2 protein chains.
Amino acid sequence: MSAPSDGPILDRLIHEPGRLAIMTVLSTVESADFVFLQRATGLTKGNLSSHLTRLAEAELVTIEKRFVHRKPNTNVALTATGRLRIAQHWDRLDSLRNFSTQSPSE
Amino acid sequence: MSAPSDGPILDRLIHEPGRLAIMTVLSTVESADFVFLQRATGLTKGNLSSHLTRLAEAELVTIEKRFVHRKPNTNVALTATGRLRIAQHWDRLDSLRNFSTQSPSE
DNA sequence: CGCACCAAGTTTGTACCGCAAACCTGTTTG
DNA sequence: CAAACAGGTTTGCGGTACAAACTTGGTGCG
């Protein structure tokens, strides 16, 4: 048996709270560094790091590692795809919320 | 500065796509039966069943099992708590989305 | 009757994954 | 030199969402 019609599929990759926060924050800026993202999202270093890795693997963000003042500095930005996908995701959440979908019976 | 995620908590119990759909649909009606929920959310029987069980264990919904026309009929409704929690969840999503921009450190 | 099939759910097996904690690597400080 | 620190990364494990198998009762039908 299969899903009849996977209606408003919410992509778990983006929907995940930590990544939803990351993506949403990134959507408001051109780029942000690791420490800024950590503060903005409240994630721990470890979790931020692994979420960023996943997002980069999915090509939703790009990661650039530099040294600034002899310290490592990781700069993150949404890709064009990423920008699209986070916008779409919020759209889907909107339509789920408004749930104006077809009502079969009763 | 307060992290925008001062209450960083998006409750995963509710945030989970399947359950978010269930709760949201339920918030628009007084009650709904299993089959209606299945159609409305696009979930399979199995997943709908287990999500409902979890929600009931958390006392976010009540489940009543009856027989209608000699067929089992499972009726589901939000508890008062459930109604509150789903509303709160959407509020949190809103504030995440509106993420009052702070000056990027860079 | 006996048997097949359906509808409405429930249970189960497992593969995935988020989280915290341990670890790494280079820099400044005493 | 050692020790503390900043900025990340890797690892171990506990929880869980999903699909598939199973259950339970009803209904045709020959």
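Chain identifiers are assigned alphabetically (A, B, ...) following the order of the sequence lines, protein sequences preceding nucleic acid strands; residue numbering begins at 1 within each chain. No hydrogens, no waters, no symmetry mates; every other heavy atom, side chains included, goes into these values. Keep in mind that what you see is a predicted model, and the values were worked out from it rather than measured.
Taking atom CD of B:E64 as the reference point, atom P of C:dA8 lies 18 Å away to the nearest angstrom. Summarising the geometry, the separation between NE2 on A:H69 and C1' on C:dT27 is reported as 14 Å, rounded to the nearest angstrom. Between B:E57 atom CD and D:dA17 atom P the separation is 12 Å, expressed in whole Å. Regarding A:N73, its CG atom lies at a distance of 15 Å from the P atom of D:dA6, rounded to whole Å. As rounded to whole Å, 12 Å separates atom P of C:dG18 from atom NE2 of A:H15. For A:D11 and D:dA17, the CG to P distance is 16 Å, given to the nearest whole Å. The distance between atom CG of A:L48 and atom P of C:dA20, rounded to the nearest whole Å, is 13 Å. When rounded to the nearest whole Å, the span between CD of A:Q38 and P of D:dG7 equals 9 Å.
Side-chain atoms of A:K45 lie closest to D:dG7 of the nucleotides C:dT10, D:dG7, C:dG18. Nearest nucleotide to the B:E16 side chain, out of D:dC18, D:dT9, D:dT16: D:dC18. You'll find that the side chain of B:S49 is closest to C:dT11, out of C:dG18, C:dT11, D:dG7. Comparing C:dG18, C:dT10, D:dT9 by their closest approach to the side chain of B:F34 singles out C:dT10.
Between the side chain of A:S49 and the backbone N or O of A:K45, no donor-acceptor pair lies under 3.5 Å. Side-chain atoms of A:T79 come within 3.5 Å of backbone atoms of A:L60 as a donor-acceptor pair (strictly under, hydrogens ignored). No donor-acceptor distance shorter than 3.5 angstrom exists from the side chain of A:R19 to the backbone of A:H51, with no hydrogens or angles considered.
Between A:R12 and A:F67, the one whose closest nucleotide on DNA chain C sits nearer the 5' end is A:R12.
OP1 or OP2 of C:dA20 lies within a sub-4.0 Å distance of a side-chain N or O belonging to A:N47. The shortest distance between the side-chain N/O atoms of A:R54 and the OP1/OP2 oxygens of C:dC17 is below 4.0 Å. Not one side-chain nitrogen or oxygen of B:H51 sits closer than 4.0 Å to the OP1 or OP2 atom of D:dT16. OP1 or OP2 of C:dG9 sits under 4.0 Å from a side-chain N or O of B:T74. Applying the 4.0 Å criterion to OP1 and OP2 of D:dG25, one finds that B:K65 has every side-chain N and O outside that range.
If you take CG on A:L55 and OG1 on A:T62, they are separated by 11.0 Å, rounding to the nearest 0.5 Å.
Under the 30°/60° scheme for interplanar angles, the aromatic rings of A:H15 and A:H89 are found to be tilted.
For D:dA6, the base has no donor-acceptor partner in the side chain of A:K71 [N/O atoms by modelled type, under 3.5 angstrom].
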